[in-house]
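Side chains included, hydrogens not; waters and symmetry mates left out as well; all remaining heavy atoms used.
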Amino acid sequence: QVELTELGGGLVQAGESLTLSCTTPVPNFSNYAMAWFRQTPRDERVFVAGISRNGASTKHADSAKGRFTISRDNVKNWMYLRMDNLRVEDTATYFCGARFDHRQTWWNDLMEYWGKGTLVTVSS
């Protein structure tokens, strides 16, 4: 089991920025592909952005392209989601996901492990 903890959610106004963080105590963090998903009470959990185990390969959902940036620090065991120009429709609970992966490129949006989520609320 991989324990994931998300930090950084909160209330912001539309147009503002917010950075989410995810950390895990696993000793081999660089063996895991990581991703951010989000979910509202009425919708299923959807993919936002993913990053390969070495950070060289990323994928962003269409809703995130140009506004959100995923990154990671394999030395400190952290993953980040920088969110700029936030919109009201970005309001959701954001989840950190992890998948043990042998590949160095992003190839699959499916995750094995999940954090408990952090709530982001964007007001107009």
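Linking ILVMFWY side-chain heavy atoms closer than 4.5 Å, directly or via other members, places Y94 and L18 in a single hydrophobic cluster. Hydrophobic clustering of Ile, Leu, Val, Met, Phe, Trp and Tyr side chains at less than 4.5 Å, counting indirect connections, unites F47 with M111.
Between F95 and C22, the closest side-chain pair of non-hydrogen atoms is not below 4.5 Å. Looking only at side-chain heavy atoms (C-beta outward), W36 and I70 come within less than 4.5 Å of each other. The shortest side-chain heavy-atom distance between R99 and Y113 does not fall under the 4.5 Å cut-off. Contact check for V46 versus R38: side-chain heavy atoms found under the 4.5 Å cut-off. Two residues are said to be in side-chain contact when any heavy atoms from C-beta on lie closer than 4.5 Å; S17 and R82 meet this criterion. Taking 4.5 Å as the limit, some side-chain heavy atom of L4 sits within range of a side-chain heavy atom of M34. Inter-residue side-chain proximity for V120 and L20 is flagged as met; some heavy-atom pair is nearer than 4.5 Å. Using a 4.5 Å heavy-atom cutoff, the side chains of L86 and E16 are not in contact.
In this structure, NZ on K116 lies 8.0 Å from OG1 on T5, to the nearest 0.5 angstrom. With rounding to the nearest 0.5 Å, the separation of CG in L81 from CZ in F68 is 6.0 Å. To the nearest 0.5 Å, the span separating CG on D90 from CG on N85 amounts to 8.5 Å.
The local environment of CD in E89 is crowded, with over 12 non-hydrogen atoms from other residues, nucleotides or ligands closer than 6.0 Å.
Nearest heavy atoms, C96 versus M79: SG-CE, 3.6 Å. Shortest non-hydrogen contact noted between A33 and W106 is CB-CZ3, 3.8 Å.
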Audit row: H60, V48, side-chain contact (heavy atoms from CB on, under 4.5 Å) steps and yes/no: CA-CA 6 Å; H60 293 78; V48 176; over 6 Å; no

Intermediate values then yes/no, side-chain contact (heavy atoms from CB on, under 4.5 Å), D109 and K59: CA-CA 9 Å; D109 296 352; K59 176 183 175 182; 3.0 Å; yes

Worked check of ring-ring contact (aromatic ring centres under 6.0 Å, His included) between W114 and F37: CA-CA 10 Å; W114 296 98; F37 284 67; 4.8 Å; yes

W78 and L7: CA distance, side-chain angles, deciding distance, side-chain contact (heavy atoms from CB on, under 4.5 Å) verdict: CA-CA 11 Å; W78 284 92; L7 300 171; 3.6 Å; yes

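Remark: the backbone N or O of L11 is not paired with any side-chain donor or acceptor of T121 at under 3.5 angstrom. Remark: side-chain polar atoms of T105 are not paired, donor with acceptor, to backbone N or O of S57 under 3.5 angstrom. Side-chain atoms of S52 come within 3.5 Å of backbone atoms of Q104 as a donor-acceptor pair (strictly under, hydrogens ignored). Using a distance-only test at 3.5 Å, with no hydrogens or angles considered, a donor-acceptor pair links the side chain of N74 to the main chain of R53. Judged purely by atom type and a 3.5 angstrom limit, D73 uses its side chain to pair as donor or acceptor with the backbone of K76. The backbone N or O of Y80 lies less than 3.5 Å from no partner atom in the side chain of S21, so there is not a single donor-acceptor pair. Without hydrogens or angle criteria, E44 side chain to Q39 main chain gives no donor-acceptor distance under 3.5 Å.
Side-chain atoms of W107 and D101 form a donor-acceptor pair, as typed in the model, at a separation below 3.5 Å. No side-chain donor from either of N77 and T23 sits under 3.5 Å from a side-chain acceptor of the other.
Between F100 and H102, the two ring planes are perpendicular [angle over 60°; tilted spans 30° to 60°].
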